[in-house]
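Okay, structure first, notes after.
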There are 2 protein chains.
Amino acid sequence: MNYSRQRELILKTVKENKIHPTAQDIYELVKEKSPNISLGTVYRDLNFLAEAGIIRKIDIGDKQIHFDGDISEHCHFVCLDCGKIHDIERKDYCHDENKNLIAKGFIPLRKDVIIYGQCPVCNKKEREN
Amino acid sequence: MNYSRQRELILKTVKENKIHPTAQDIYELVKEKSPNISLGTVYRDLNFLAEAGIIRKIDIGDKQIHFDGDISEHCHFVCLDCGKIHDIERKDYCHDENKNLIAKGFIPLRKDVIIYGQCPVCNKKEREN
DNA sequence: TCACAAAATAGTAATCATTACTAATTATTT
DNA sequence: AAATAATTAGTAATGATTACTATTTTGTGA
């Protein structure tokens, strides 16, 4: 009995919205279809799904946790101008093979890579001014 | 008048303590030498110093911000068992040259890399049990 | 089909790191 | 030394997240 109507809806919403939504974002989106859903339920279910590895948490240091329905290997680019979070494919960033770390006895299990900078749109705007 | 007695002491404490302390850690350390310093001052000065690029903020997703007096290029390894934050040298992780990103119009300015896993000490403990 | 037990929910209260605020203090400038 | 500007201590406020509880939902097995 793991998937209630609310939980299914929350999962669907995270998968469909590629904007890397926060819990609050999800809450507002889900409320359109399930008006009296509780914010607590949204938080609980998002954590449940992340724990199960079905969605992914992203911490970009803006005090709110973002969620990503795409759990394929990729990293994130945060634009310091507009704040948008862009997906970066594996081939677009060099991936550490961790050889040296492993040689020293570390067991790398998870790596969070977040690149901050200026996205193409904001860079274009700046060049035009 | 940028460097008050308190601010100097906070900076010195961050530089001397390699444990990647939180604001609360710093507050307790600094209180030994300056007993009636305020927690607000510690937060304000740590942010001031980070803003100035003299120290570095680290967000490892444990709800508290950690600070690092070492601003040389390195990333962090967080042990999922003991929670300790280890410094990882540049040569021990493959560094992205960002060529592909730049070709697509992104301007990478800062990259936060945090690797989570098991440190050598915790791995040894596990193998012994 | 129906009752029972386990899990999930809604709604609200509590938590806790961080920030904001203010009056008092300290440092800098002329 | 007076005027001015920055900094501080202490406290209150903020806001995302978690905890709690009574109620509802859901799956299961007789």
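Naming convention: chains lettered A, B, ... in sequence-line order (proteins, then strands); numbering from 1 in each chain.
Contact of the Asp59(B) side chain with the Asp112(B) side chain is not registered, since no non-hydrogen atoms from C-beta on lie closer than 4.5 Å.
Closest to the Tyr43(A) side chain, of the nucleotides dT18(D), dT18(C), dA10(C), is dT18(D). Closest contact between the side chain of Thr41(B) and the listed nucleotides dT8(D), dT17(D), dG10(D) involves dT8(D). The listed nucleotides are dT8(D), dA10(C), dT18(C); the one nearest the side chain of Ser4(B) is dT8(D). Each of dT8(D), dA10(C), dA9(D) was ranked by its minimum atom distance to the side chain of Ile37(B); first place goes to dA9(D). Comparing atom distances between the Arg7(B) side chain and each of dG10(D), dA10(C), dT8(D) picks out dT8(D) as nearest. Nearest nucleotide to the side chain of Asn47(B), out of dA9(D), dA16(D), dT19(C): dT19(C). Between dT17(D), dT18(C), dT9(C), one nucleotide has an atom nearer to the side chain of Ala23(B) than all others, and that is dT18(C). Distances were taken from every side-chain heavy atom of Gln64(B) (C-beta onward) to each of dT17(D), dT9(C), dT18(C); the shortest belongs to dT18(C).
Taking five base pairs at each end of the helix from dT1(C)-dA30(D) to dT30(C)-dA1(D), the local helix axes there meet at an angle of 30°, rounded to 10°.
Arg44(B) comes within 4.0 angstrom of a base, heavy atoms only.
Counting non-hydrogen atoms of other residues, nucleotides and ligands closer than 6.0 Å to NZ of Lys31(A) gives a total above 12.
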